[in-house]
Amino acid sequence: MTAPDPADPPGPADPPGPSGEAAAARGADRALRAAARHSAGRLAAASACSVAAAGAALAEPAVLGHTLDLLLRQDPSGARWTAWCAAVIAAEVLLDAATARLGGGVDARSTAWLRRLGLGRLLRTAPHHAARHSPGELSARLTAQATTAGAVPTAVMGTAVALLPPLGALVALFLVDVWTGLAFLAGLPLLVLLLRAFARDSGASVSRYQEVQLAMAGRLVEALAGARTIAAAGTAEREQARVLARLPELGAEGRRTWRIYGTTVARTSALMPMLLYVVLGVGGMRLADGALGVGGLLAAVRYAGLAAGVGAVTGRLAAVVRGRAAARRTAALFDLPELPQGDRRLPEDGPGTLELQGVRVVRAGAVVLRDVDLLIPGGTTAAVVGRSGSGKTTLAAVAGRLTACDAGRVLLDGVPLDELSGEELRRETGHAFERPALFGKDVAAAVAFGGGRAAPDRHAVRAAARAAGADAFVRRLPEGYDTALPDAPMSGGELQRLGLARAFCRAGRLLVLDDATSSLDTVTAREVERALTHDVRPGTRLVVAHRISSAARADLVVWLDAGRVRATGTHAELWRDPGYRAVFGDGAEPGPHPRPAAEPPGREAVR
């Protein structure tokens with residue numbers, strides 16, 4: 001299920017081209033139509049009730065007028081028509097209530113549909129695509145903006161139905177008396193011009209307001225996430241100023257929006273009473289001439305009041321304009337590209353042979369990985385080393401298909417990763433990260449978190465925690481493995497251990513560790529490396545390494561330099577090259593007197 005990019009409210013000329021505002025508006029409108037189809041039954045019921053309520057409102061003046069004439073003439077049927085009056089009024093009230101209830105349900109379902117679609121696309125895209133939007137911006141798009149956009153289907157329905165009573169009343173006004181209808185019709189062109197100007201001007205203003213609002217939300221979340229750093233740096237006032245820097249712009253756009261709305265309402269509010277007075281005056285003259293009865297005059301005035309209700313469409317139109325502008329922000333998530341998946345499976349009992357063929361990755365116009373050819377035999381522990389910015393993390397992401405390559409392909413046991421089913425891929429490839437995020441109601445659930453195979457039992461969870469060096473500190477928590485995550489304060493190293501335990505618990509034939517031991521002390525890191533060899537399901541390990549000890553214990557070292565594989569081999573073989581030693585901060589670039597291939601004891605990586 002796909003939906004294009006955003007929508008801009010009605011406004012002046014949109015720039016041409018598929019990436020312009022016009023294309024964005026069409027994309028968001030398609031998303032809104034899809035949301036409406038998702039609740040088509042309820043929306044149809046709400047429309048039917050709303051139309052029926054409009055019909056009752058149109059019948060009411062005629063029934064009241066006729067009843068009044070009967071009562072004035074003391075006609076015996078007046079009592080029966082009085083009952084009809086009560087029935088019409090009661091029907092209108094009940095139908096309006098049903099419309100409101102059904103409309104609220106449509107709003108909720110449409111909002112939920114937009115949120116699920118946006119969140120699903122966000123979670124299925126590559127992390128670098130999701131990173132285009134800040135957390136605060138994403139939160140605003142999926143909460144407030146989605147809520148406003150979700151109200152569009154009922155707002156459009158309400159706007160369309162809201163036109164029925166005024167238009168029907170205008171027709172009825174002509175049927176009651178042609179001259180009163182003509183008197184009212186004289187002011188309609190001016191009203192139409194007011195509504196058209198409102199839609200045009202408020203659309204642009206609302207769009208700019210929401211854009212500034214999203215930017216401020218992003219800055220606020222950044223500041224909250226870095227609260228400790230800000231406090232330590234003593235820059236609270238500076239950050240406050242940065243977060244609120246666009247507040248004057250937000251206020252200006254908000255005031256402009258309300259000024260446009262208020263001006264339109266004021267003008268329509270002034271115009272409508274004038275039209276009513278004109279109709280009342282013409283009707284009074286027609287009553288004096290005997291061409292119109294008292295009941296007819298009452299009906300004419302009530303119909304003129306209903307026809308004047310076209311000015312109330314301004315408020316409903318404003319909701320549509322706001323919703324379409326919000327839909328543009330929410331629908332931007334629908335264009336995030338999904339990682340392609342196939343339906344193939346890996347061969348049974350494969351050793352986990354990983355092969356990269358001509359892999360090229362480009363980010364923001366810069367080549368991060370350039371024509372990488374690499375073969376890692378199954379069951380091998382391969383350490384990926386290189387200076388900062390050499391492409392290590394990108395290589396790890398490509399190897400585990402957290403992101404796709406722009407050229408070339410990656411194979412696991414001879415099967416291209418993009419041809420694997422999502423379930424198979426995630427069952428057989430595991431990841432551990434430098435800063436893991438934990439999910440679940442308690443520590444045990446956080447370690448067992450994952451998909452692709454049956455949830456591990458408590459024994460498997462504890463075995464994985466022991467292998468990651470986490471069991472001892474977890475047992476010291478207030479409720480042990482049953483401690484709720486918010487009640488389990490952890491250091492960076494403890495958090496990494498739980499991240500490793502999660503990876504170990506669901507280890508497949510390929511396990512990618514992206515700097516996943518950087519916060520561990522040397523002793524714990526070596527214990528984890530030993531456990532990885534002896535206590536975790538056998539398979540291929542790809543380890544992004546900064547420590548010399550990690551590279552030294554690996555079966556194979558992949559040395560990256562500026563996005564290329566500069567060399568592969570064992571640590572002892574590569575240590576002869578001064579450039580390799582320089583990666584760990586030991587010496588400079590190659591010189592005439594290379595060091596012997598022995599690792600200085602106790603030497604650790606310098607980032």
Side-chain angles (χ1 to χ4, degrees), residues 1-9 18-44 46 102-157 206-207 210-211 213-214 217-218 221 319-343 401-404 418 421-423 425-426 437 439 451:
M1 182 165 24
T2 58
D5 201 55
D8 204 25
S19 61
E21 293 295 325
R26 289 193 296 271
D29 285 345
R30 283 195 293 271
L32 291 173
R33 286 195 293 272
R37 288 194 296 271
H38 180 65
S39 300
R42 286 178 172 81
L43 187 60
L102 290 169
V106 171
D107 288 350
R109 286 175 58 86
S110 299
T111 299
W113 185 86
L114 291 170
R115 285 175 175 164
R116 282 197 302 270
L117 185 59
L119 182 60
R121 183 58 68 90
L122 182 66
L123 296 177
R124 289 192 297 271
T125 194
H128 73 278
H129 287 306
R132 294 175 183 174
H133 306 283
S134 70
E137 181 185 332
L138 290 173
S139 177
R141 288 178 191 269
L142 291 173
T143 53
Q145 301 293 335
T147 300
T148 304
V152 169
T154 52
V156 170
M157 179 272 293
V206 166
S207 182
Q210 292 178 349
E211 181 181 351
Q213 190 179 49
L214 285 176
V221 170
V320 175
V321 169
R322 288 194 303 271
R324 292 188 69 225
R328 178 185 179 189
R329 311 299 171 196
T330 304
L333 302 180
F334 303 160
D335 261 358
L336 291 173
E338 293 189 37
L339 279 173
Q341 295 180 354
D343 55 8
R401 195 156 175 78
L402 289 181
T403 189
D418 59 347
S421 69
E423 180 183 358
L425 175 67
R426 293 305 158 212
F439 299 93

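Remember, predicted model here, so these are calculated numbers, not experimental data. The first residue of the sequence shown is numbered 1, and numbering continues consecutively from there.
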Roughly how far apart are [X] [atom1] and [Y] [atom2], rounded to 0.5 Å?
| X | Y | atom1 | atom2 | answer |
| --- | --- | --- | --- | --- |
| Glu338 | Leu123 | CD | CG | 10.5 Å |
| Arg30 | Leu32 | CZ | CG | 11.5 Å |
| Gln341 | Arg124 | CD | CZ | 9.0 Å |
| Arg116 | Thr111 | CZ | OG1 | 10.5 Å |

Could you pull out the closest heavy-atom pair between [X] and [Y], with the gap in Å?
| X | Y | value |
| --- | --- | --- |
| Phe334 | Ala31 | CE1-CB, 3.7 Å |
| Leu43 | Pro153 | CD1-O, 4.1 Å |
| Val320 | Val156 | CG2-N, 3.9 Å |
| Leu114 | Ala149 | CD1-CB, 3.8 Å |
| Ser110 | Gly150 | CB-O, 3.3 Å |

Please list, chain by chain and in numerical order, all residues satisfying side chain to side chain contact (heavy atoms under 4.5 Å, CB included) with [X], sequence neighbours excluded.
| X | result |
| --- | --- |
| Leu336 | Arg121, Leu122, Thr125, His129, His133, Leu333 |
| Arg42 | Val106, Arg109 |
| Ala404 | Leu339, Arg401 |

Would you find a donor on one side and an acceptor on the other, under 3.5 Å apart, between the side chain of Ser421 and the backbone of Gly342?
no
Do Arg115 and Thr330 get their side chains close enough for a donor-acceptor pair, meaning under 3.5 Å?
no
